[in-house]
Amino acid sequence: MPSFDLLPGAGESPVILHVPHSAREIPAEVRAGIVLDDPALERELDHIVDAHTAQLAEVAAGLAATTPWRFVNRLSRLVVDPERFPDEREEMLAVGMGAVYTRTTHREELRPADTDPEPLVARYFRPYARAMTDAVAERLKAVGRAVIIDVHSYPSEPLPYELHGEGPRPPVCLGTDSFHTPPELVAAAREAFGEAGLDSPFSGTYVPLEFYGRDPRVSALMVEIRRDTYMTEPGGPAGPGIHPLARSLAALVDALR
């Protein structure tokens, strides 16, 4: 099974819908290093997975007048989290959630604390990063710019792992970066989604490190959707709320053509 897919969009589209946390799949050799029993692992996946966000991106892509590109992680973030810094820059290391997690959403043991992350980083993190870097570079070559829309979800109530969970939890949270998120991108997202907060409870957005803080042609925005607006928490089925959200995401894509 490939660990990620790049799903082609229109040649003239600068937009990449990035879906890093939607999957539950964990290869057997990775599962062997996780200390949770099967029921506990399923409960953890219910809490940590951004359920149905790949479906949301797929429907939005189909609705958009100009089809965006989609980069979708097919493995759980419990294998590796491709959006973390792979080094000491990552603030989530404080709760055992760097590129390779050692703690759960409830700050319990997931892997032994002395787990060497390098084998998983080499096998999964770096190939993912290279492929995403190549996808962005191809958009730059084709149309002169790239817009990464990071599609996430988050629980309606804060979980113990959250470092900034005390702030507002709006229906849609827009995560920004001071270098890569221009005001017009935020304005387009607010126009598309209506009620949307900024950088609470989650901030920042994903840009491949080759471009991060260096190339203003790469813009990015994280869209965090509160899960109770479109699904049964935790880990339950999608509900009718997913359809207006897909239309809003499609409207954002079209505003960025």
Side-chain angles (χ1 to χ4, degrees), residues 1-23 25 27 30 48-50 53-58 60-61 64 67-87 89-90 92 97-101 117-153 174-177 179-182 185 202-224 249 252-253 256:
M1 167 179 186
S3 63
F4 52 82
D5 284 326
L6 176 61
L7 301 162
E12 68 271 23
S13 175
V15 180
I16 300 172
L17 297 180
H18 181 222
V19 187
H21 293 159
S22 65
E25 182 72 23
V30 180
I48 198 68
V49 169
D50 292 352
T53 50
Q55 177 190 353
L56 174 64
E58 180 180 8
T67 306
W69 297 65
R70 284 179 289 142
F71 195 104
V72 182
N73 189 5
R74 297 304 184 187
L75 297 181
S76 168
R77 64 197 289 191
L78 298 185
V79 179
V80 295
D81 190 331
E83 294 214 309
R84 302 293 198 235
F85 287 111
D87 52 35
R89 288 174 291 179
E90 180 52 59
M92 295 301 291
M97 287 184 163
V100 175
Y101 296 179
E118 178 54 30
L120 290 175
V121 168
R123 171 65 181 85
Y124 297 105
F125 184 97
R126 292 196 186 103
Y128 188 107
R130 283 196 299 271
M132 187 63 182
T133 299
D134 290 346
V136 171
E138 181 57 33
R139 292 300 83 214
L140 292 175
K141 180 180 178 181
V143 296
R145 63 192 180 104
V147 186
I148 302 167
I149 303 298
D150 222 9
V151 184
H152 290 258
S153 71
L174 304 176
T176 68
D177 177 84
F179 185 90
H180 291 283
T181 311
L185 179 51
F202 297 97
S203 63
T205 188
Y206 176 77
V207 175
L209 290 177
E210 182 172 318
F211 307 103
Y212 182 66
R214 301 176 183 179
D215 195 333
R217 298 176 300 163
V218 180
S219 55
L221 181 75
M222 179 169 66
V223 176
E224 288 268 7
L249 184 57
L252 174 58
V253 169
L256 302 173

For this session: Could you walk me through whether Thr176 and Leu185 pass side-chain contact (heavy atoms from CB on, under 4.5 Å), step by step?
Result: CA-CA 10 Å; Thr176 68; Leu185 179 51; over 6 Å; no
Under the 3.5 angstrom rule, does the side chain of [X] hit a backbone N or O of [Y] as a donor-acceptor pair?
| X | Y | result |
| --- | --- | --- |
| Thr133 | Ala129 | yes |
| Asp177 | His180 | yes |
| Trp69 | Ala10 | yes |
| Thr181 | Ala220 | yes |

Exercise. For Arg217, which residues count as a side-chain hydrogen bond (donor to acceptor under 3.5 Å, both in side chains) partner, sequence neighbours excluded?
Worked result: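 In terms of side-chain hydrogen bond (donor to acceptor under 3.5 Å, both in side chains), with neighbours along the sequence ignored, Arg217 is linked to Asp215.
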So, for [X] and [Y], which heavy atoms are closest and what is the spacing to 0.1 Å?
| X | Y | value |
| --- | --- | --- |
| Gly11 | Arg139 | O-NH1, 2.9 Å |
| Pro20 | Val151 | CD-O, 3.8 Å |
| Ala23 | Asn73 | CB-O, 3.7 Å |
| Val79 | Pro27 | CG2-CD, 3.8 Å |
| Arg70 | Ala61 | NE-CB, 3.8 Å |
| Val136 | Pro208 | CG2-CG, 4.0 Å |

Do [X] and [Y] have side-chain heavy atoms sitting under 4.5 Å apart?
| X | Y | answer |
| --- | --- | --- |
| Ile48 | Met97 | yes |
| Leu17 | Leu249 | yes |
| Leu120 | Pro117 | no |
| Val121 | Val100 | yes |
| Met132 | Ile16 | yes |
| Asp81 | Phe125 | no |
| Arg145 | Pro14 | yes |
| Leu209 | Pro86 | yes |

For this session: Flag the pair His152 / Phe202 as yes when their ring centroid distance falls below 6.0 Å, and as no otherwise.
Result: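 Centroid separation for His152 and Phe202: 6.0 Å or greater.
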Exercise. Do Tyr128 and Phe71 have ring centres separated by under 6.0 Å?
Worked result: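 Here the rings of Phe71 and Tyr128 have centres that are less than 6.0 Å from each other.
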Exercise. Any luck finding a side-chain donor-acceptor pair between His21 and Glu83 under 3.5 Å?
Worked result: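 Their side chains do not contain a donor-acceptor pair, so the 3.5 Å distance test is not met.
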Problem set entry | Any donor-acceptor N or O pair under 3.5 Å, side chains Tyr101, Arg84 |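 Yes.
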Exercise. How far does OG of Ser22 sit from CD of Gln55, to the nearest 0.5 angstrom?
Worked result: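 Ser22 atom OG to Gln55 atom CD measures 10.5 Å (nearest 0.5 Å).
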Problem set entry | Straight-line distance of Ser219 OG to Leu256 CG, nearest 0.5 Å |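 So the gap between those two atoms works out to 7.5 Å.
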For this session: Using a strict cut-off of less than 4.0 Å between a Lys/Arg side-chain nitrogen and an Asp/Glu carboxylate oxygen, indicate whether Arg123 and Glu118 qualify as a salt bridge.
Result: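 Salt bridge absent between Arg123 and Glu118.
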Problem set entry | side-chain contact (heavy atoms from CB on, under 4.5 Å) partner of Met222, the single match among Ile149, Asp150, Ile148 |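 When Ile149, Asp150, Ile148 are each tested with Met222, the side-chain contact (heavy atoms from CB on, under 4.5 Å) holds only for Asp150.
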Problem set entry | Over 12 non-hydrogen atoms of neighbours within 6.0 angstrom of OH in Tyr212 |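 Incorrect, the count does not exceed 12.
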